[in-house]
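Working notes, structure below.
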Amino acid sequence: MSLLIQKRIGNTLLRLKPWVPTSLPTTVIKNLSTVSEQLPEALDESSQEIWNVIVGRVGDRDSEDEVFDRLSNDEACNRVHLSDGLVHKLLHRFRDDWKSALGVLKWAESCRGHRHSNDSFDMAVDILGKAKKWDRMKEFVERLRGDQLVTLNTIAKIMRRFAGAGEWEEAVAIFDKLGEFGLDKNTESMNLLLDTLCKEKRVEQARVILLELKSHITPNAHTFNIFIHGWCKANRVEEALWTIQEMKGHGFRPCVISYTTIIRCYCQQSEFVKVYEMLSEMEANGSPPNSITYTTIMASLNAQKEFEEALRVATRMKRSGCQPDTLFYNCLIHTLARAGRLEEAERVFRVEMPELGASINTSTYNSMIAMYCHHDEEHKAIELLKEMESSKLCNPDVHTYHPLLKSCFKRGDVVEVGKLLKEMVTKHHLSLDESTYTFLIQRLCRANICEWAYCLFEEMISQDITPRHRTCLLLLEEVKKKNMHESAERIEHIMKTVKLTAPVK
DNA sequence: CTAGGGTTAG
């Protein structure tokens with residue numbers, strides 16, 4: 001087995017092999033041992049080969065120069081013709097590993113015939129920002145500045161990373177220096193700054209800055225919508241309403257976005273009377289609600305388990321003549337499923353969506369599959385999964401498999417769990433996420449196969465996914481019951497060293 | 001640079 005394959009994400013089952021206990025059904029063991037190499041999707045054959053080489057060459061703890069050297073000295077890498085798309089995918093692959101990302105970038109730059117797109121540089125800046133390597137980021141941006149390669153998009157990445165890390169003053173400082181990058185302080189760049197601050201719950205600061213800049217830069221309708229969102233995010237709907245007035249004072253008519261933002265805030269406060277009042281107001285004053293408005297309300301009612309009420313909202317929407325879209329239908333199907341109206345959901349899926357030209361996506365299928373599983377019609381769920389695979393319009397994701405896996409556990413069919421996991425990894429190149437690991441570990445423990453659960457736990461750690469405290473405790477208890485001393489010690493060790501995620505709620 | 005799902009889980 002090559003190192004390359006070991007490095008791949010989602011080699012869950014592969015890693016299980018040495019651990020598979022004899023108590024597991026033989027079919028499971030057989031399934032686990034036949035995993036083939038998975039490939040990242042959407043790459044053509046030659047790009048795929050390059051990908052494998054590069055990813056295989058990049059070590060875990062190397063410096064950027066080591067990565068660069070290794071790639072430069074590799075024959076296969078030197079023969080490569082690099083496309084922007086491939087560089088983009090590589091940077092994305094190393095988005096959490098800035099050293100490797102910079103090494104790859106540097107190597108790509110040195111390749112004959114290759115010139116980076118702005119997008120690649122921006123991604124590098126973003127990766128450094130994500131890692132909070134501020135000095136390296138500034139250094140990198142300086143270089144870009146020299147080559148006049150800094151765009152407003154670059155600035156956006158910098159600002160958002162600073163603000164996201166709580167360094168909002170730095171975000172403002174970048175705005176102040178826009179001129180140095182050959183960019184203007186205008187409405188567009190100001191809105192970017194204000195939006196960044198508002199999204200990081202710094203609406204007050206944004207407000208102060210707007211007042212400062214007002215005499216130089218004219219706000220537009222976007223500016224006010226940004227503030228409406230900012231106030232709502234801070235749960236200060238009074239100020240948001242006040243901003244609507246201010247907007248009017250500046251000669252801008254509040255639009256469907258302005259109102260929908262406020263409606264969302266009312267929904268979160270469960271102030272549904274106010275929601276409906278605002279809906280009526282919108283209809284009356286010529287900014288009628290759209291699909292997004294209605295979907296927002298329905299989703300919120302769903303969250304409160306008010307499915308019948310949510311369905312009334314859908315009826316109201318259809319009566320209003322508003323054009324439904326995919327997200328609306330996904331929400332509607334979800335609602336119908338939760339309300340136990342399977343035939344109606346089927347009709348929406350099979351008839352209404354195609355007729356009204358709403359495209360069906362992964363989430364649509366996921367909702368239908370979850371519905372069937374929930375109502376013990378797994379065969380229909382599996383049929384839909386097959387349909388998804390052959391349709392080529394959309395592919396399954398981890399959420400597609402959750403209800404299917406749950407059904408297997410419910411039936412006590414562990415063999416099927418193994419089959420499904422194998423399919424996820426090999427056929428669809430999916431890697432398990434934190435919630436899937438947590439779920440599997442929990443259910444495997446309950447099914448008295450904590451050996452398997454422990455393997456997944458190890459796998460999780462090796463993928464740098466932090467287990468929840470509760471998961472550790474559960475597994476530890478099970479492992480102790482089975483006298484798996486070594487595993488128990490290891491779990492205890494991990495609990496001490498790894499920063500554990502607090503349990504949800 | 002402005003608005004929207006879901007989930008496996010008591």
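Residue numbers start from 1 in every chain, and the chains themselves are labelled A, B, ... in the order their sequence lines are given, proteins ahead of strands.
Straight-line distance from the NZ atom of A/K305 to the P atom of B/dT7: 9 Å, rounded to whole Å. For A/N330 and B/dG5, the CG to C1' distance is 7 Å, given to the nearest whole Å. Rounded to an integer number of Å, the gap from A/H374 NE2 to B/dA9 C1' is 12 Å. Following rounding to the nearest Å, A/N361 (CG) and B/dG6 (C1') show an atom-to-atom distance of 11 Å. Residue A/L192 contributes atom CG, which lies 6 Å from atom C1' of B/dC1 at whole-angstrom precision.
Between B/dT8 and A/R446, no contact under 4.0 Å exists linking OP1 or OP2 to a side-chain N or O. Between B/dC1 and A/K199, no contact under 4.0 Å exists linking OP1 or OP2 to a side-chain N or O. Checking the phosphate oxygens (OP1, OP2) of B/dT2, no side-chain nitrogen or oxygen of A/R264 falls inside 4.0 Å. Within the 4.0 Å cut-off from OP1 or OP2 of B/dT8, not a single side-chain nitrogen or oxygen of A/K410 is found. Checking the phosphate oxygens (OP1, OP2) of B/dT7, a side-chain nitrogen or oxygen of A/H334 falls inside 4.0 Å.
In this model, a side-chain donor or acceptor of A/N191 finds a partner on the base of B/dC1 within 3.5 Å. Between the base of B/dG4 and the side chain of A/T296 there is no donor-acceptor pair shorter than 3.5 Å. Taking only distance into account, the side chain of A/H222 meets the base of B/dT2 through a donor-acceptor pair shorter than 3.5 Å. Interface remark: the A/S363 side chain does form a donor-acceptor pair with the B/dG6 base, using a distance-only criterion of under 3.5 Å. Contact of A/S435 with B/dT7 (side chain to base): no donor-acceptor pair of N or O atoms is detected under 3.5 Å. On a pure distance criterion of 3.5 Å, no polar donor-acceptor pair joins the side chain of A/N302 and the base of B/dG6. For B/dA3, its base sits under 3.5 Å from the side chain of A/N290 at one donor and acceptor pair at least. Residue-to-nucleotide contacts include no donor-acceptor pair under 3.5 Å from the side chain of A/S367 to the base of B/dG6.
Of the candidates B/dG6, B/dC1, B/dT8, B/dC1 carries the atom nearest the A/N153 side chain, counting heavy atoms from C-beta on. Each of B/dA9, B/dC1, B/dA3 was ranked by its minimum atom distance to the side chain of A/R468; first place goes to B/dA9. The side chain of A/E188 lies closest to B/dC1 when the candidates are B/dG6, B/dT8, B/dC1. Closest to the side chain of A/R338, from the set B/dT8, B/dT7, B/dG5, is B/dT7. Checking B/dT8, B/dG5, B/dG6 against the side-chain heavy atoms of A/A370 singles out B/dT8 as nearest. The nucleotide whose nearest atom lies closest to any side-chain atom of A/A299 is, among B/dG5, B/dC1, B/dT8, B/dG5. Residue A/Q442 places its side chain closer to B/dA9 than to any other of B/dT2, B/dG5, B/dA9. For A/F328, taking side-chain heavy atoms from C-beta onward, the closest of the listed nucleotides B/dG4, B/dT8, B/dC1 is B/dG4.
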Checklist entry - Where do A/F175 and A/L192 land on the side-chain contact (heavy atoms from CB on, under 4.5 Å) test, with the steps shown first? => result CA-CA 9 Å; A/F175 178 79; A/L192 174 65; over 6 Å; no

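The two residues A/G129 and A/M137 come nearest to each other via the heavy atoms CA-SD, 3.7 Å.
Interatomic distance, A/L421 CG to A/L432 CG, rounded to the nearest 0.5 Å: 6.5 Å.
Aromatic ring centres of A/F349 and A/Y365 lie closer together than 6.0 Å.
Salt bridge A/E352/A/K318: present, at least one basic N to carboxylate O contact under 4.0 Å. For A/K380 and A/E346, the salt-bridge test passes: some basic side-chain N is under 4.0 Å from an acidic carboxylate O.
Under the 90° criterion around 0 for the glycosidic angle, B/dG5 counts as syn.
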